[in-house]
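Letters go in sequence order (proteins before strands), and every chain restarts at 1.
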Amino acid sequence: MQSTKSFRERVLDVIANIPEGRVTTYGQLAEVAGMPRHARAVGDILHGLSLETDLPWWRVINSSGKISTYKVGTGELQRGLLEREAVHFDSNGKLKLEQYRWQIEAIETEN
DNA sequence: AAAATGACTTTTT
DNA sequence: CAAAAAGCCATTT
């Protein structure tokens, strides 16, 4: 059986597996989901998520270690949710990617 | 079909 | 190291 999950579905699966207190980047997600260089597409997917989703969408940030708020709101909600998981931000609103980045070991997307 | 857009990333200043 | 420019790519105009 083919079970070709769409890129979108694969991305959502990976997000569902990000551990608490850990973060990943749009680019890293795109890569793991099988489409390198498609970070913006991942951004589009998350932007389209309803706030009622059960996914830990707030654990996704950009490669500079900041919360992406390019053409959207302030992102204070996301920051609060991360701080609730003991993720500390510095005075510039950035976090230490080296410390919090999730090192993917094995994805359970199975098929 | 061409141009603009955007929860992005990498390179260059 | 921070900020700007350039690069990328699916979607929408």
Side-chain angles (χ1 to χ4, degrees):
Chain A
M1 351 171 302
Q2 264 281 24
S3 82
T4 302
K5 282 194 172 182
S6 67
F7 174 59
R8 187 188 131 89
E9 293 177 292
R10 295 198 300 276
V11 168
L12 298 185
D13 279 347
V14 179
I15 293 177
N17 283 287
I18 306 175
E20 183 178 322
R22 283 301 163 96
V23 300
T24 190
T25 66
Y26 299 89
Q28 186 171 27
L29 274 177
E31 204 172 338
V32 172
M35 297 204 125
R37 305 288 182 273
H38 285 235
R40 304 192 93 128
V42 173
D44 288 341
I45 292 171
L46 268 68
H47 186 221
L49 284 180
S50 101
L51 294 175
E52 356 189 324
T53 182
D54 38 347
L55 292 173
W57 56 267
W58 58 88
R59 295 174 187 151
V60 183
I61 63 177
N62 64 35
S63 63
S64 63
K66 292 193 284 191
I67 293 174
S68 285
T69 57
Y70 183 41
K71 287 287 185 181
V72 287
T74 62
E76 46 184 299
L77 166 61
Q78 180 167 11
R79 173 165 176 165
L81 288 167
L82 282 173
E83 292 180 318
R84 171 185 294 176
E85 302 183 343
V87 174
H88 172 72
F89 288 79
D90 65 18
S91 52
N92 293 308
K94 297 176 56 176
L95 57 77
K96 295 180 182 176
L97 262 182
E98 307 202 341
Q99 177 180 351
Y100 300 109
R101 185 191 292 271
W102 172 42
Q103 303 301 141
I104 300 177
E105 306 170 345
I107 307 305
E108 326 291 315
T109 55
E110 301 301 294
N111 48 329

May I ask you to say what T25(A) touches in the nucleic acid, namely base, sugar-phosphate or nothing, with a heavy-atom cut-off under 4.0 Å? sugar-phosphate
Just checking K66(A): base, sugar-phosphate only, or nothing, at a heavy-atom cut-off of under 4.0 Å? nothing
For a quick test of reading the model, state the closest non-hydrogen atom pair linking [X] to [Y] and the distance between them.
X	Y	answer
L46(A)	W57(A)	CD2-O, 4.1 Å
T74(A)	T69(A)	O-CG2, 3.3 Å
G93(A)	K66(A)	O-CG, 3.8 Å

[X] [atom1] - [N] [atom2] separation (whole Å):
X	N	atom1	atom2	result
F7(A)	dC9(C)	CZ	P	12 Å
Q78(A)	dA7(B)	CD	P	13 Å
L29(A)	dT9(B)	CG	C1'	14 Å
N62(A)	dA3(C)	CG	P	13 Å
I15(A)	dA7(B)	CD1	P	15 Å
E31(A)	dC9(C)	CD	C1'	16 Å

Treating N92(A) as the side-chain partner and K94(A) as the backbone partner, does any N or O pair qualify as donor plus acceptor under 3.5 Å? no
Flag, side chain of Y100(A) to backbone of H88(A), donor-acceptor distance under 3.5 Å: yes
Show me, range against range, the stems involving DNA chain B, built from at least 3 consecutive Watson-Crick or G-U pairs below 3.5 Å. B:2-6 with C:9-13, B:8-13 with C:2-7
Which ones in residues 37-48 of chain A lie close to DNA chain C, meaning a heavy atom under 4.0 Å from one of its atoms? R37(A), H38(A), R40(A)
Find out whether L77(A) and W58(A) are in side-chain contact, i.e. whether some heavy atom of one side chain is under 4.5 Å from a heavy atom of the other. no
Side-chain touch V23(A)/I18(A), heavy atoms, less than 4.5 angstrom: no
S63(A) has a side chain; which of dA7(B), dA2(C), dT9(B) sits nearest to it? dT9(B)
Which residue pairs pass the salt bridge (Lys or Arg N to Asp or Glu O under 4.0 Å) test when at least one of the two sits in residues 77-87 of chain A, sequence neighbours left out? R59(A)-E85(A), R79(A)-E83(A)
